[in-house]
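Worksheet for the structure shown next.
Note that the structure is predicted; figures quoted are calculated from it, not measured. First listed ligand is number 1; within each ligand, the first listed atom is number 1.
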Amino acid sequence: MILPREKSLTSAQLAEVEGILAEYGCSVTVISGTTRTIYAISGDERDEEMVGRIEGLDYVERFDRIQAPYRLMHHASDLSSHKVRLGDAVLGDGFHVIAGQCTIDPKNPQYFLETAHAVKEAGAVAIRGGVWKPRTSPNAYQGDDKALQILLRAREETGLPVSTEVMEDRHLQVVMDAGVDVIQIGTRNALNYGLLKQVGRGTAGTATVVLLKRGMHMGPVDEFLCAAEYIAAGGNPNVVLCPRGTKPELDGYRNFPDESISPLLKARTWAPVVVDPSHSVGKAAFVPFASLAAAAYGADGLNVETHVCGSKGIGDDPKQAITPATLARLIRDCKEIHGRSAGYRLPVQKA
Ligand code: PEP
Ligand code: MN
């Protein structure tokens, strides 16, 4: 990772750096952070001669070598002061909630629009709504491009940023053209490195936030951080980590709740952690407890399924969606608990 003396390198300086790196089989990705631009190196960056030549350039302040398998996401990275912004909110600064339906029903757009206004009223900072859905059965509802127009209308009416999941390159193109604010990568694609690279590159240099769900079969915490690294290495540091429960499930829950990894993640990375309690426990009645636990574990927020009338919804909404009234109460309670847990110090991992 190369840190320039000035805010960024000139194109002539970048070309010189690229020329040196290429001699050692390395290449560089430009990553625009909030305060400065950093230059991430792909390849084996341990060659002493190469490091010496780069460090010798008078416009280079530092050459950082982080040994962890993820470098950009690491707490010691030069990106550690990067702020992930979502509308008016700075994720990682206070407790923020993304809420809305699992699935937008294109046949009943009024529910989504009502839900969008209701979650705004309840205190959510962004609205979620599934346009395309990853379904276990190919015979289940797969989503519909028409739902995107409903999502955009909700943004127009409420003024809040909107979030939806992409599963393939075509979805990515469509949402980038539409200027969707948050791109979700679902649990099933959390280890789809091709998609992670495409999303990183496709959103590079934009303010688009990428919310990465934890893979339901992921084991070590570092596997999650490496998946996030693909997005940052593609050129987009606006990454949010979203634990959402893993398999095998805890008997009675949809998954094994994993909000407890929040402090582990926050000790290793600067990226905000936004927990999804809905897919974790899988039943509306349990969602408040998982949400409060996430706040106690120091998560930076929630991504929670909410519907004005869950029983009339599709996808997960009949089972999992909480009501806007529960959401409003939960946001108040979680903020209070989060404020208390923020008073305890975390051990931050060194390079
Ligand atoms: C969702 O958010 O509706 C969803 C499908 O999430 P996950 O990928 O966590 O199952
Ligand atoms: Mn869902």
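Atoms of ligand 1 lying under 4.0 Å from any heavy atom of K213, numbered from 1 in the order shown and given with element: 1 (C), 2 (O), 4 (C), 6 (O), 7 (P), 9 (O). Each of the atoms 8 (O) of ligand 1 lies under 4.0 Å from some heavy atom of G186. Each of the following atoms of ligand 1 lies closer than 4.0 Å to a heavy atom of Q184: 1 (C), 2 (O), 4 (C), 6 (O). The R188 neighbourhood of ligand 1 comprises atoms 10 (O), with distances under 4.0 Å to a heavy atom of that residue. Close approach to E305 involves these atoms of ligand 1, each under 4.0 Å from a residue heavy atom: 1 (C), 2 (O), 3 (O). Taking a cut-off of under 4.0 Å to the non-hydrogen atoms of R244, the atoms of ligand 1 that pass are 7 (P), 9 (O), 10 (O). Ligand-side atoms of ligand 1 in range of R128: 1 (C), 2 (O), 3 (O), range being under 4.0 angstrom from any heavy atom.
Within the structure, the closest approach of M216 to ligand 1 does not fall below 4.0 Å when heavy atoms are considered. At least one heavy atom of C102 lies less than 4.0 angstrom from ligand 1.
For Y59, the OH atom counts as densely surrounded, since its 6.0 Å shell holds more than 12 non-hydrogen atoms of other residues, nucleotides or ligands. Enclosure of atom OH in Y297 is not indicated, since only 12 or fewer non-hydrogen atoms of other residues, nucleotides or ligands lie within 6.0 angstrom.
Here the protein heavy atom with the shortest distance to atom 8 (O) of ligand 1 is T187 N, 2.8 Å. Among all protein heavy atoms, the one lying closest to atom 4 (C) of ligand 1 is H279 NE2, 3.4 Å. For atom 3 (O) of ligand 1, the nearest protein heavy atom (residue, atom name, distance) is K133 NZ, 2.8 Å. Atom 5 (C) of ligand 1 has as its closest protein heavy atom E165 OE1, 3.8 Å.
Rounding to the nearest 0.5 Å gives a distance of 7.5 Å between CG of L148 and CD1 of I104.
Here K83 does not pair with D93 in a salt bridge; the nearest charged N to carboxylate O distance is not below 4.0 Å. K107 has no carboxylate O lying under 4.0 Å from a charged side-chain N of D144, or vice versa, which leaves the two without a salt bridge. For the pair K266 and D300, the salt-bridge criterion is met [side-chain N within less than 4.0 Å of a carboxylate O].
With hydrogens and angles ignored, the 3.5 Å screen pairs a side-chain donor or acceptor of K247 with a backbone N or O of R254.
Geometry at the Mn ion (ligand 2): OD2/D316 and SG/C102 form an angle of 90°, nearest 10 degrees. The NE2 atom of H279, the Mn ion (ligand 2) and the OE2 atom of E305 define an angle of 90° (nearest 10 degrees).
For the Mn ion (ligand 2), the set of nearby N, O or S atoms under 2.8 Å includes none belonging to D317.
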Run R53 and E23 through salt bridge (Lys or Arg N to Asp or Glu O under 4.0 Å) and show every step you take. CA-CA 11 Å; R53 285 177 66 187; E23 288 180 41; 2.9 Å; yes

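Aromatic ring centres of W270 and H75 lie farther apart than the 6.0 Å criterion allows.
Ring-plane geometry between H338 and F95 is classed as tilted, the angle between the planes lying from 30 to 60 degrees on a 0 to 90 degree scale.
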